[in-house]
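Worksheet for the structure shown next.
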Number of protein chains: 2
Amino acid sequence: MGGGTERTRDADRTRAEILSVATAEFADRGYAGARINEIADKLSTTKRMIYYYFGGKEQLYVAVLEQAYSRIRGLEQQVDVEHLDPVEAIRELAGLTFDHHEAHPDFIRLVSIENIHRAEHIARSEVLTRLANPALDVLGRILERGWDAGVFREDVDALDVHQVISAFCVFRTANRHTFGAIFGRDMLDPARRDHQRRLLGDLVVDFLTAH
Amino acid sequence: MGGGTERTRDADRTRAEILSVATAEFADRGYAGARINEIADKLSTTKRMIYYYFGGKEQLYVAVLEQAYSRIRGLEQQVDVEHLDPVEAIRELAGLTFDHHEAHPDFIRLVSIENIHRAEHIARSEVLTRLANPALDVLGRILERGWDAGVFREDVDALDVHQVISAFCVFRTANRHTFGAIFGRDMLDPARRDHQRRLLGDLVVDFLTAH
DNA sequence: CGGCTTATGTACCAACTGGTTACGTACCAG
DNA sequence: CTGGTACGTAACCAGTTGGTACATAAGCCG
């Protein structure tokens, strides 16, 4: 804590600050590698508050995951593609998914980290195990429209397509460093962004419209 | 270490055992979460040998990565698709890549873990920074044959295609747990394997053959 | 104003961590 | 036989770890 002796009480602000610093630290170092003392050193309050508000390291981590997932879900809820024909709608949805993933590398890393831990922390969260999936709902409706119009293949479901889109978007961030080290190409290079975004759109559209 | 008092000297065997146990432990717990004492407890030799052969935790981890990558590269070298026409060859390559990834979950996890650490350990390895990429060479030749035959799109290169295939194959294992927890579907469910493998083949072929 | 609840600060704790040292045994090739 | 090396046991180390005990004080409200 900074040198001043002033102490102003604001529970919401303190709680939010802890969550924000912890999000960055867990995303950077992983759950096992992040250190409570280091998170505390970056706060304008003391380590004691971490235990006061969250109870312990694991509970803090779960709260970080809950907040990260809720934010991404909020973004997904703002997707507006209902007015487009199915082919353009799926291309637009893929593009927006691409944008959201690229804009939130911390979220991607947190998801990777939680997979290393086999999603056992997610399993402890009521919030996370009940999370709605707006993107999947939107995708399902697009597929139905495409099926009704006879333009989309019918041997895959919404979750298959979601998997394809997510795989591409997640991989760019989650595997960025090893891919770059081994192949000498940065998948997140801004100069390649448009090409990658178009590639994803074509990939999904060409796949879905093939019969 | 087991109760027996017999002691047979075999440096290669001891070294290999340490590597094997460490691979499992690092893949399971991550670099930061794995514990030298716990690795040692699982050996038929002593913690002292870890330092004797590898020098320290980080060097052990790098050796694990080197071995894991070398094994996968060995498999990739055995791919035989030159006799197939370009479309069938790319489909076959995608399928074999799918198989290799599925058969080596520890490798996938280790790559995810190393990405959390931003590939900084890979950067310290001469072996890994010089690793040949047989799968990429094979893929490049298939693409050239497809371009010569006028059947493949020309706005993507071998690394783009490799990215698409890897993204799908890696995602199944790397994100298995969160995907399963959130969507209730196990991407590695044996009952879905054929469907997923066919999906990948179609995805890549439909994309490459679209003009 | 003061009691009370709650937010906050400081110092301390037992256990753990990767690593080292001391001392020794014993295998095995030449 | 001998020296070098592989190996074992046990103890030790300084620093770190997540967490706790105790104290202080902000600020609301009667």
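Just so we're on the same page: letters track the sequence lines, and every chain starts at 1.
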Between the side chains of A/Arg185 and B/Asp160, is the shortest nitrogen-to-carboxylate-oxygen separation below 4.0 Å, so that they form an ion pair?
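Looking at A/Arg185 together with B/Asp160, the answer is yes, because their closest N to O distance falls below 4.0 Å.
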What nucleotide, of [options], holds the atom closest to the side chain of [X]?
| X | options | result |
| --- | --- | --- |
| A/Ala11 | D/dT20, C/dG9, C/dA7 | C/dA7 |
| A/Lys47 | D/dG18, D/dT9, C/dA7 | D/dG18 |
| A/Thr45 | D/dG8, D/dG19, C/dG9 | C/dG9 |
| A/Thr8 | D/dG18, C/dT21, D/dG27 | D/dG27 |

base_contact_polar (C/dG9 base, A/Arg48 side chain, donor-acceptor, <3.5 Å)
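Answer is yes: a donor-acceptor pair is held.
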Will you find, in the side chains of A/Glu114 and A/His121, an N or O donor that is under 3.5 Å from an N or O acceptor?
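Yes, A/His121 and A/Glu114 have a side-chain donor paired with an acceptor closer than 3.5 Å.
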Could you tell me whether the side chains of A/Arg73 and A/Asn133 share a donor-acceptor contact shorter than 3.5 Å?
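Per modelled atom types, A/Arg73 and A/Asn133 side chains form a pair under 3.5 Å.
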For A/Asp12, I'd like to know if atom CG has over 12 heavy atoms of other residues, nucleotides or ligands within 6.0 Å.
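Not more than 12 within 6.0 Å, no.
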Would the B/Phe107 and B/Tyr69 ring centres measure less than 6.0 Å apart?
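Yes, ring centres under 6.0 Å apart.
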Does the separation of the ring centres of B/Tyr61 and B/Phe54 fall below 6.0 angstrom?
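Between B/Phe54 and B/Tyr61, which both carry aromatic rings, the centre distance is not below 6.0 Å.
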Looking at residues 54-68 of chain A, who's got a heavy atom less than 4.0 Å off DNA chain D?
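The answer is A/Gly56, A/Lys57.
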Does anything in residues 12-37 of chain A reach DNA chain D, meaning a heavy atom under 4.0 Å, and if so which residues?
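Correct list: A/Ala34, A/Arg35, A/Ile36, A/Asn37.
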When you measure from the centre of the six-membered ring of B/Phe207, is the NZ or CZ of B/Arg153 under 6.0 Å away and within 45° of the axis?
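Yes.
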Over all atoms of both residues, closest heavy-atom pair of B/Ile108 and B/His101:
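Looks like CD1-CD2, 3.2 Å.
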Side-chain N,O (A/Tyr53) to OP1/OP2 (C/dT8) below 4.0 Å
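For A/Tyr53, the contact criterion (side-chain N or O under 4.0 Å from OP1 or OP2 of C/dT8) is met.
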